[in-house]
2 protein chains.
Amino acid sequence: MQPIKQRDSMPLLRRGELAARVGCNLETIRYYEGIGLLPHPPRSQGRHRLYDADLAKRLRFILRGRELGFSIEEIRALLAIADGGGGCADVYALTTQHVEVIRRKIADLRKLQRILTETAARCARDASPECPIIEALQASSADGPLGAASFAVVPNARELGKAVATRP
Amino acid sequence: MQPIKQRDSMPLLRRGELAARVGCNLETIRYYEGIGLLPHPPRSQGRHRLYDADLAKRLRFILRGRELGFSIEEIRALLAIADGGGGCADVYALTTQHVEVIRRKIADLRKLQRILTETAARCARDASPECPIIEALQASSADGPLGAASFAVVPNARELGKAVATRP
DNA sequence: GCTACAATCTGTAGAGACTACAGGATCAAG
DNA sequence: CTTGATCCTGTAGTCTCTACAGATTGTAGC
């Protein structure tokens with residue numbers, strides 16, 4: 001972590017600017033600060049939050065982590081690893097443990113990808129009455145329970161490209 | 001849609017039986033009815049819901065769609081298409097778009113996996129290994145011309161194989 | 001038919017992760 | 001110095017389920 005004074009690359013963003021830049025909702029930033037994923041940023045004289053490039057990166061990591069299906073707590077753990085908090089034993093345990101979680105996620109996503117791709121390939125894309133995609137969905141879990149225990153490993157995944165800052 | 005009277009293949013299930021059969025939570029069925037994904041089913045004299053094979057199929061469709069990462073609203077759209085027998089060009093578009101999102105997720109997860117694995121390995125030797133995972137998820141596709149324009153699809157994906165009916 | 005015990009019914013509350021709004025303070029352009 | 005956009009804080013609402021409470025039904029056994 002460096003002193004907060006910047007070059008001219010990024011002149012300290014305020015909350016709304018940061019939200020626009022990373023593509024999240026304005027309030028999400030405050031929310032992440034509130035639950036401790038983002039540190040309290042420095043403030044202007046009038047108590048407006050000011051974000052530097054490091055905080056922006058951290059925020060992007062969190063947002064993408066959510067999209068990838070990690071829960072808030074999992075992201076908290078990943079950030080702890082990145083922050084180099086605990087000793088080497090802790091880091092080792094955490095990393096290997098997360099590698100396993102990620103391995104399962106990848107396996108599940110691949111399965112989804114395969115199913116969706118194969119199904120789409122059979123689709124005529126015209127106005128034909130029967131659609132293989134619809135049928136595949138109805139086929140229940142013919143291809144097995146689809147990983148049954150992992151996919152996202154988490155409910156409530158963040159929708160990609162959702163909710164950018166409010167604009168009435 | 002056929003008349004509700006059945007042969008002996010499926011003797012009209014009640015909510016709990018249906019939940020057990022399709023592998024979802026008891027209350028989820030009522031929830032989907034509440035938000036209009038499932039129609040109000042016929043009832044017994046005592047107002048117990050009774051589900052036939054068609055409704056079971058529809059429920060499986062919804063659950064499967066959620067597992068595959070479609071949002072509730074997307075599923076609503078897919079169901080409308082299925083109900084209306086309309087063309088499947090839209091379905092195809094939605095699906096391929098989906099596949100692309102999944103492809104990017106897999107790529108990012110692989111990055112994460114690689115870095116975490118390397119960190120764990122270095123942990124055996126170094127005292128304080130660095131773990132640059134935050135950097136790994138920076139570019140991930142968002143930093144295009146207008147930031148978050150290239151994203152797509154899903155909120156709150158249903159975790160695969162989650163929540164079977166409640167059993168204390 | 002009557003008695004139990006399970007399963008459903010309704011409505012409402014809770015979890016997790018945001019998202020929106022109200023009423024006031026601050027910033028920055030003119 | 002004014003003014004409209006932005007930000008502040010706190011609190012309430014949304015979405016997708018899931019759980020619970022108290023009242024009714026369904027049904028198996030006597």
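Chain A is the first sequence line, chain B the second, and so forth, proteins listed ahead of strands; every chain is numbered from 1. In this text the structure is predicted, and so the values were computed from the model without any measurement.
Between A:S71 and the phosphate of C:dG16, there is no side-chain N or O to OP1/OP2 separation shorter than 4.0 Å. At C:dT8, none of the side-chain N or O atoms of B:R49 fall inside 4.0 Å of OP1 or OP2 (strictly under the cut-off). Side-chain nitrogen and oxygen atoms of A:Y32 include none within less than 4.0 Å of the OP1 or OP2 phosphate oxygen of C:dA17.
The distance between atom CD1 of B:I72 and atom P of D:dT14, rounded to the nearest whole Å, is 17 Å. The distance from atom OH of B:Y31 to atom C1' of C:dG14 is 14 Å, rounded to the nearest whole Å. B:L26 has its CG atom 16 Å from the P atom of C:dA6, to the nearest Å. Between B:L50 atom CG and C:dA7 atom C1' the separation is 13 Å, expressed in whole Å. Per the geometry, CD belonging to B:E33 stands 12 Å off C1' belonging to C:dC9, to the nearest Å. One atom, CD1 of B:I35, and another, C1' of D:dT14, lie 13 Å apart when rounded to the nearest Å. Separating the CD atom of A:E67 from the P atom of C:dC18 is a distance of 10 Å, rounded to the nearest angstrom. Rounded to whole Å, the distance from CG on B:L12 to P on C:dT8 is 14 Å.
When the side-chain hydrogen bond (donor to acceptor under 3.5 Å, both in side chains) test is applied to A:R30, the partners found at least two apart in sequence or on another chain are A:E27. Under the salt bridge (Lys or Arg N to Asp or Glu O under 4.0 Å) criterion, B:R47 pairs with no residue, sequence neighbours left out. The salt bridge (Lys or Arg N to Asp or Glu O under 4.0 Å) search around B:E17 returns none, not counting sequence neighbours. Residues passing the side chain to side chain contact (heavy atoms under 4.5 Å, CB included) test with B:E73, sequence neighbours excluded: B:S71, B:R76. Judged as a salt bridge (Lys or Arg N to Asp or Glu O under 4.0 Å), and not counting sequence neighbours, A:R110 has no contacts. By the side-chain hydrogen bond (donor to acceptor under 3.5 Å, both in side chains) test, A:R14 is found to be paired with no residue, residues two or more places apart in sequence or in another chain being considered. Here A:Q97 pairs with A:L94 under the side chain to side chain contact (heavy atoms under 4.5 Å, CB included) rule; sequence neighbours left out. Applying the salt bridge (Lys or Arg N to Asp or Glu O under 4.0 Å) test to A:E33 and every residue at least two apart in sequence or in another chain returns A:R49.
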Per-pair distances, 0.1 Å, donor-acceptor, side chain in residues 115-123 of chain B, under 3.5 Å, sequence neighbours excluded:
{"residue": "B:T117", "atom": "OG1", "partner": "B:Q113", "partner atom": "O", "Å": "2.7"}
{"residue": "B:E118", "atom": "OE2", "partner": "B:R114", "partner atom": "NH1", "Å": "3.2"}
{"residue": "B:T119", "atom": "OG1", "partner": "B:I115", "partner atom": "O", "Å": "2.8"}
{"residue": "B:R122", "atom": "NH1", "partner": "B:E130", "partner atom": "O", "Å": "3.2"}
{"residue": "B:R122", "atom": "NH2", "partner": "B:E130", "partner atom": "O", "Å": "3.0"}

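Not a single donor-acceptor pair under 3.5 Å links the side chain of A:K105 to the backbone N or O of B:L109.
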Taking N or O atoms only and anything under 3.5 Å, show me the protein contacts with nucleotides 10-13 of chain D, one pair per line.
{"residue": "D:dG10", "atom": "N7", "partner": "A:R30", "partner atom": "NH1", "Å": "3.2"}
{"residue": "D:dG10", "atom": "O6", "partner": "A:R30", "partner atom": "NH2", "Å": "2.7"}

Every protein N/O within reach of nucleotides 26-30 of chain C N/O, cut-off under 3.5 Å:
{"residue": "C:dC27", "atom": "OP1", "partner": "A:S44", "partner atom": "OG", "Å": "3.2"}
{"residue": "C:dC27", "atom": "OP1", "partner": "A:G46", "partner atom": "N", "Å": "2.6"}

N/O-N/O pairs, protein side and nucleotides 2-4 of chain C side, under 3.5 Å:
none

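A salt bridge links B:D83 with B:R58: at least one charged nitrogen is closer than 4.0 Å to a carboxylate oxygen.
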